[in-house]
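From a predicted model like this one, the values you see are computed outputs, not experimental measurements. Remember, it's 1-based here, ligands and their atoms both numbered in the order they're listed.
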Amino acid sequence: MKLSYWLHLPLSFLASVMRLGAGSPAPRAEQKQPIIIYEFEGCPYCRVAREAISQSGVAVLIRPCPKGGKRFRPAVRALGGKAQFPYMVDENTGAAFYESEDIAAYLHKTYGGRRSAMRFLGPVNNILSQFAALARLAAGTFKRRSTAPEQPLEFIAAERDPRARLVKERLCEMELEYLWRPAGPGEATPLLIDPNANQTIAGGHAIIQYLYATYRL
Ligand SMILES: N[C@@H](CCC(=O)N[C@@H](CS)C(=O)NCC(=O)O)C(=O)O
């Protein structure tokens, strides 16, 4: 696993370069409840929404929906009428909708933060996000067997962090629900908190090892 981590890290870095650094750290937004996002890491449209999450500083409960996933995918169809990702539910305002661009615009309008300049590229923004997904070789797309944590995990990192991407890919494939708190400027991340085992783990490689040891079947 160690070797594969160090092989994938440069590719994850390449994905961040292709996104021109979008998904940077931002000050925490004011909110009562975390927003709920159904998405999967390998989806290029979900990345556009995640970059907005990172740059608006909103805490979101990620319900990972990899292809073949059974834990959260059915809820999206039940809530919105179709299996399309990303899908957002904001219980603070009652807003719930699909479409990555609409979600990004809504988050910044409602919670602030600097919008990524990538949006001015229009359709090219999505094409670059698809290239970034190619650089990740479909990681974070397909379900892997796992046990579900009783309480959601907590993860702190910026979207553009290449180490955090490798962790989020595993969280997604294993359908592990987590509260994602985007990193603030200068914060030491990535950090995983597991309230089920009272554990705090720092660093991409250590977090992935912990997830495999604790939740992989
Ligand atoms: N226009 C939508 C496109 C979303 C989309 O096509 N998402 C794909 C994943 S990348 C999807 O939901 N595919 C169905 C599936 O995975 O079952 C957006 O920007 O959010």
Task: cation_pi(Lys82, Tyr98) dist<6.0 Å, angle<=45 - done: yes
Open item on the list: When you compare the side chains of Arg71 and Ser146, does any donor N or O come within less than 3.5 Å of an acceptor on the partner?
Closed with: yes
Less than 4.5 Å apart, side chain to side chain, heavy atoms only: is that true for [X] and [Y]?
X: Glu187; Y: Pro25; value: no
X: Val60; Y: Leu179; value: no
X: Glu51; Y: Arg160; value: no

Open item on the list: Looking at non-hydrogen atoms alone, which of Lys67, Arg47, Glu101, Gln130 comes nearest to atom 13 (N) of ligand 1?
Closed with: Lys67
Please report which non-hydrogen protein atom sits nearest to [atom], along with the residue it belongs to and the distance in Å to one decimal place.
atom: atom 14 (C) of ligand 1; result: Ala83 O, 3.6 Å
atom: atom 17 (O) of ligand 1; result: Arg73 NH1, 2.8 Å
atom: atom 10 (S) of ligand 1; result: Cys43 SG, 2.9 Å
atom: atom 2 (C) of ligand 1; result: Glu99 OE1, 3.3 Å

- [ ] State whether Lys168 and Glu159 are salt-bridged, where the test is any N-O pair (Lys NZ or Arg NE/NH1/NH2 against Asp/Glu carboxylate O) under 4.0 Å.
- [x] yes
Open item on the list: I'd like to know if Glu41 and Arg50 make a salt bridge, using a cut-off of under 4.0 Å between side-chain N and carboxylate O.
Closed with: yes
Task: Proximity to ligand 1 by part of Phe40, non-hydrogen separation under 4.0 Å - done: side chain
Task: Ser100 contact mode with ligand 1 (heavy-atom cut-off under 4.0 Å) - done: both
Open item on the list: I'd like to check which ligand 1 atoms, numbered from 1 as shown, lie under 4.0 Å from a non-hydrogen atom of Pro86.
Closed with: 20 (O)
Task: Pro44 neighbourhood, listing ligand 1 atoms whose heavy-atom distance to it stays under 4.0 Å - done: 10 (S)
Open item on the list: Tell me whether Phe85 reaches ligand 1 (any heavy atom closer than 4.0 angstrom to a ligand atom).
Closed with: yes
